[in-house]
Amino acid sequence: MYKADVWVWVDSKGWKESPKRYHYSVEGEFKGKALRSFGCTQDENGEEVAVSATWDRITLMGIAEALERFRQNAEVTIHCENYGVLSSIEHDLERWKGNGFIGSTKKEIKNVDLWRRVAAKSNMLKLVTDHVGFDRVDELRNHVFAKEKEEYESKRGG
């Protein structure tokens, strides 16, 4: 089983629903070959857009999309600022999968559509969580964008 890292960050941490964007980076190595991909909130034309969402929802959107890039078994460490989402992945996801995504209030959990997508990938992926403190977010963001720019320029021949 190979190991990979998923970094997810959003441009707004407001709890209320408001326009937000997510970005993610997937990095790993498989059979000696470096694997790297990037993604963000996009419309149907592939243009980056903001969508109206809560902080939890936009974070889950990024995580779900990043995990859906995996086509084989892997140990995936998810790095992001949203401790609540990471805690739910670590402590609640298996229980929710077993009880039909019913929360402690005996009602379906919020963002169930996204939790189902994460759960579907957790059947083939071993998910590990890493809460990235606010002090490390800019460092990670700059690191990922530098790699993305370098990769883009090497493809362009510049």
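- Listed here is the closest heavy atom pair of Arg116 and Gly100: NH2-O, 3.9 Å.
- Put simply, the side chain of Lys20 never gets that close to the backbone of Ser12: no donor and acceptor are under 3.5 Å apart.
- Formation of a donor-acceptor pair under 3.5 Å by the Asp11 side chain with backbone atoms of Arg21 is found in this model.
- Note: Asn82 CG to His131 NE2 = 7.5 Å, rounded to the nearest 0.5 Å.
- Note on Leu60 and Val49: same hydrophobic cluster, where clusters join Ile, Leu, Val, Met, Phe, Trp and Tyr whose side-chain heavy atoms are under 4.5 Å apart, directly or indirectly.
- Closest heavy-atom contact between His91 and Arg95: O-NH2, 4.5 Å.
- Looking at heavy atoms from C-beta onward, Val118 lies in side-chain contact with Leu127 at the 4.5 angstrom threshold.
- Using a 4.5 Å cut-off on side-chain heavy atoms (C-beta onward), Ile89 and Ile63 make contact.
- Linking ILVMFWY residues whenever their side-chain heavy atoms come closer than 4.5 Å, directly or via other members, places Val10 and Trp15 in the same cluster.
- A 4.5 Å side-chain heavy-atom check between Val51 and Ile58 finds at least one atom pair inside the cut-off.
- Atom OG1 of residue Thr54 and atom NZ of residue Lys13 lie 14.0 Å apart, to the nearest 0.5 angstrom.
- Trp9 and His23 have parallel rings, their planes meeting at less than 30° on a 0 to 90° scale where 60° marks the start of perpendicular.
- Shown here for Arg36 and Glu27, the closest heavy-atom pair between the two residues is CG-CG, 3.9 Å.
- Checked by atom type and distance alone, the side chain of Asn45 never pairs as donor or acceptor with a backbone atom of Glu47 at under 3.5 Å.
- Between the CZ atom of Arg69 and the NZ atom of Lys121 there is a distance of 11.5 Å, given to the nearest 0.5 Å.
- Residues Tyr2 and Val6 share a single hydrophobic cluster, defined by chaining ILVMFWY side chains whose heavy atoms lie under 4.5 Å apart.
- Following chains of ILVMFWY side-chain contacts shorter than 4.5 Å, one can reach Leu35 starting from Met124, so the two form part of one hydrophobic cluster.
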For residues 101-115, which side-chain donor-acceptor pairs fall under 3.5 Å, sequence neighbours excluded?
residue, atom, partner, partner atom, Å
Asn111, OD1, Arg57, NH1, 3.0
Asp113, OD1, Arg57, NH1, 3.0
Asp113, OD2, Arg57, NH2, 2.8

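- Atom CD of Glu75 is separated from atom CG of Asp5 by 9.5 Å, given to the nearest 0.5 angstrom.
- A single hydrophobic cluster is not seen to contain both Tyr83 and Trp96; linkage of ILVMFWY side chains at heavy-atom distances under 4.5 Å, directly or through other members, places them apart.
- Put simply, the side chain of Ser87 never gets that close to the backbone of Gly84: no donor and acceptor are under 3.5 Å apart.
- Ser122 and Glu94 get closest at one heavy-atom pair: OG-OE2, 4.2 Å.
- A distance of 11.0 Å separates OH in Tyr22 from OG1 in Thr59, rounded to the nearest 0.5 Å.
- Under a 3.5 Å cut-off, the side chain of Ser25 and the backbone N or O of Phe38 do not form any donor-acceptor pair.
- Between Lys3 and Val128, the closest side-chain pair of non-hydrogen atoms is not below 4.5 Å.
- Between Gly62 and Tyr24, the shortest heavy-atom contact is O-CD2, 3.9 Å.
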